[in-house]
Every structure is written in structure tokens, then in C-alpha cells.
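Beneath this line is the structure, given in C-alpha cells, with notes to follow.
Quick caveat, the model's predicted, so the values are computed rather than measured. Only heavy atoms go into these numbers, but all of them, side chains included; no hydrogens, no water, no symmetry mates. For this chain, numbers begin at 1 and follow the sequence in order.
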Amino acid sequence: MGRGRVMLKRIENKINRQVTFSKRRSGLLKKAHEISVLCDADVALIVFSTKGKLCEYATDASMERILERYEQHSYTDRQLTANNQQSQGSWTLEHAKLKARIELLHKTQRHFMGEDLDSLSLKELQNLEQQIDTALRRLRLRKNQLMLESISDLQKKDKALQDQNNVLSKEIKEKEFELSQTPSAEQQTHENMPSFQLGTFNLREMYGARGDGEIVEETRRESQPVMPHWMLQYMSQ
């Protein structure tokens with residue numbers, strides 16, 4: 001018949017409690033030794049009996065070194081925990097500060113827009129008015145500065161266009177002067193016409209008041225070449 005399941009509670013019988021302690025302690029020490037050998041782990045076991053008797057077990061490393069490592073790890077864990085808590089607390093505080101600042105900025109913005117002014121006192125309204133006046137002066141100063149810069153740029157562009165216009169006008173005048181110095185074909189024709197008229201006038205002056213047909217016929221007869229007499233004789237034969 002198998003052993004029944006033992007309920008985990010304090011054994012009231014003193015003798016039975018002492019016997020159970022001795023058996024369980026031996027088994028616990030055996031398990032600690034096995035895990036240290038099988039897994040190559042540093043194991044330290046400390047047990048105090050009801051009467052205060054110490055029972056301990058440590059692997060090849062001494063109990064003091066294992067306890068020192070335990071203290072170092074415990075201290076590191078405590079520092080990390082404290083830092084995390086402090087960091088969380090600082091982030092929470094920073095979040096609250098930023099949230100309050102954002103709300104204040106929104107409220108100030110509404111005031112500048114002329115909203116929610118009922119809650120402001122006379123002094124706060126005066127301060128708000130001064131801030132708005134200062135902002136308006138800065139806006140006007142910046143606007144005038146931009147206008148002056150724009151006017152200066154336009155004056156520079158106007159001067160550049162005037163200079164370009166003067167250069168083009170000068171080139172046009174030079175071209176006109178060159179064209180005026182070179183006579184055209186029509187001008188040359190008009191210049192040659194007086195000599196022909198002069199010749200006609202001379203013919204009329206030579207032949208008197210004859211008709212144009214007579215003058216032309218007379219001129220044609222005079223312009224015919226005179227043949228030598230020997231050629232006339234040859235032709236007559």
C-alpha cells in the first residue's frame with residue numbers, strides 16, 4: 001500500500017516534527033549536491049533548525065564568495081529597481097509639467113484671439129494689451145522692412161531696364177546712320193537722270209523749237225556712220 005499524500009502544514013507533534021526535519025534536511029542536502037555536480041552550478045544552502053542550530057552546504061567555492069556574489073546581484077537589482085522607479089517618477093512628473101504648459105499655451109492663445117477674457121483681472125488685461133501692442137510694433141517694423149526691400153529691388157530692375165533701353169536706342173541710331181551713308185539704287189537713278197535731261201535740253205537748244213520726232217530723226221541721221229568713197233564705189237559696181 002503506497003504512502004498517502006502529506007498535507008503541507010505545521011506538524012504539531014514535536015517528536016514527529018523533529019524526525020521530519022532530519023529526514024527532509026538530509027534529502028535537501030543530497031539534492032543540492034546533485035544539482036551542483038550535474039549542472040556545474042554554485043550552490044549555497046543555509047538551514048536553521050527550530051532550536052537555532054545551523055546546517056549549511058556549499059560547493060567547491062566557499063560560502064563567503066557565494067554570499068558575496070549574492071550581495072552584488074542583490075545590490076544591482078535594488079539599484080535597477082530604484083532607478084526604474086525614479087525614472088518612472090521623473091517621466092510622470094515631466095509629463096505633468098508638459099501637459100500643464102500646453103494647457104497654459106492654449107489658454108494664452110485664446111486670450112490673444114480675444115476669447116475667454118472674462119476670467120482675467122484688470123492687471124492681466126493691461127499686460128495682455130501691452131503684449132499685443134509690442135507684437136503689432138514688431139509686425140509693422142517687419143512689414144516696412146519687407147516693403148523697402150521690395151521697392152529697392154524694383155528700382156534696381158527699373159535701372160537695369162533703362163540701361164538696356166539706352167543701349168538698344170544707341171544701336172538703332174548707329175544702324176540708321178549707316179543706312180543714311182549708303183545711297184540706294186533709287187537715289188542713284190535719280191542722280192543719273194539730270195545728265196539725260198541735260199542732253200535732251202542741249203539737243204532742243206541746238207535744233208531749235210522742232211518737234212520731238214524731227215529732233216530724233218535728225219539725231220539718227222547724224223549718228224549714222226560716214227562711209228569712205230572707195231566703199232561707195234565698190235558697192236555701186
Side-chain angles (χ1 to χ4, degrees), residues 5-12 28 31-32 35 39-48 50 52 54 56 58 61-173:
R5 185 177 180 181
V6 179
M7 296 181 63
L8 293 178
K9 66 177 183 178
R10 184 175 180 272
I11 301 174
E12 298 296 336
L28 184 59
K31 292 294 183 181
I35 193 173
C39 301
D40 193 19
D42 290 338
V43 180
L45 178 61
I46 300 174
V47 180
F48 287 97
T50 306
L54 174 62
E56 63 179 353
S62 62
M63 180 66 71
E64 288 78 7
R65 194 178 71 83
I66 295 176
L67 292 176
E68 183 179 355
R69 288 179 61 188
Y70 171 76
E71 289 293 335
Q72 290 178 357
H73 282 280
S74 299
Y75 177 77
T76 303
D77 292 339
R78 288 195 299 270
Q79 288 293 326
L80 290 175
T81 303
N83 291 334
N84 291 332
Q85 292 177 355
Q86 184 177 3
S87 177
Q88 291 178 358
S90 62
W91 280 112
T92 303
L93 181 61
E94 188 69 18
H95 178 266
K97 289 182 179 179
L98 291 175
K99 186 177 180 180
R101 184 172 179 82
I102 291 173
E103 291 178 357
L104 180 60
L105 290 174
H106 287 166
K107 185 178 180 180
T108 305
Q109 184 180 8
R110 290 194 299 270
H111 290 166
F112 280 123
M113 296 296 294
E115 301 175 356
D116 298 339
L117 300 178
D118 297 335
S119 61
L120 297 179
S121 62
L122 178 61
K123 187 175 181 180
E124 290 175 345
L125 290 173
Q126 290 176 352
N127 292 332
L128 182 62
E129 184 181 7
Q130 292 177 358
Q131 292 177 1
I132 294 175
D133 290 339
T134 304
L136 287 174
R137 284 196 298 269
R138 292 178 180 176
L139 288 173
R140 293 191 184 99
L141 181 62
R142 179 57 181 169
K143 183 188 70 174
N144 294 333
Q145 183 180 358
L146 291 176
M147 291 178 64
L148 291 175
E149 291 177 357
S150 178
I151 292 172
S152 178
D153 293 338
L154 291 175
Q155 289 177 351
K156 291 180 181 179
K157 291 180 180 180
D158 181 66
K159 187 177 183 303
L161 291 174
Q162 288 180 358
D163 294 339
Q164 187 177 3
N165 189 17
N166 293 332
V167 172
L168 293 175
S169 300
K170 185 177 180 181
E171 291 179 356
I172 292 172
K173 290 180 180 179

What heavy-atom pair brings L128 and L117 nearest, and what distance separates the two atoms? CD2-CD2, 3.9 Å
Check side-chain hydrogen bond (donor to acceptor under 3.5 Å, both in side chains) between D118 and all other residues, then give those that pass, not counting sequence neighbours. none
Show every donor-acceptor pair shorter than 3.5 Å between a side-chain atom in residues 158-169 and any protein atom, with sequence neighbours excluded, or say none if there are none.
{"residue": "D158", "atom": "OD2", "partner": "Q162", "partner atom": "NE2", "Å": "3.1"}
{"residue": "K159", "atom": "NZ", "partner": "D163", "partner atom": "OD2", "Å": "3.4"}
{"residue": "N166", "atom": "ND2", "partner": "Q162", "partner atom": "O", "Å": "3.2"}
{"residue": "S169", "atom": "OG", "partner": "N165", "partner atom": "O", "Å": "2.9"}

Tell me whether the count of non-hydrogen atoms from other residues, nucleotides or ligands lying under 6.0 Å of OH in Y70 goes above 12. no
Tell me, please, which residues at least two apart from R101 pass side-chain hydrogen bond (donor to acceptor under 3.5 Å, both in side chains). none
Side chain to side chain contact (heavy atoms under 4.5 Å, CB included) partners for K123, two or more places apart: S121, N127
Salt bridge (charged side-chain N to carboxylate O under 4.0 Å, His left out) partners for E12, two or more places apart: R10
For Q109, side chain to side chain contact (heavy atoms under 4.5 Å, CB included) partners two or more places apart: H106
If the condition is side-chain hydrogen bond (donor to acceptor under 3.5 Å, both in side chains), which residues does Q155 pass it with, not counting sequence neighbours? none
Donor-acceptor contacts under 3.5 Å from residues 129-144 side chains, at least two apart:
{"residue": "T134", "atom": "OG1", "partner": "Q130", "partner atom": "O", "Å": "2.9"}
{"residue": "T134", "atom": "OG1", "partner": "R137", "partner atom": "NH2", "Å": "3.3"}
{"residue": "R142", "atom": "NH1", "partner": "Q145", "partner atom": "OE1", "Å": "3.4"}
{"residue": "N144", "atom": "ND2", "partner": "R140", "partner atom": "O", "Å": "3.1"}

For atom CD1 of I35, decide whether the heavy atoms of other residues, nucleotides or ligands shown that lie under 6.0 angstrom number more than 12. no
What residues form a side chain to side chain contact (heavy atoms under 4.5 Å, CB included) with K107, not counting sequence neighbours? R110, H111
Which pair of non-hydrogen atoms, one from L28 and one from V47, has the smallest distance, and what is that distance? CD2-CG2, 4.2 Å
Could you measure the distance from the NZ atom of K170 to the CD1 atom of I172? Nearest 0.5 Å is fine. 13.5 Å
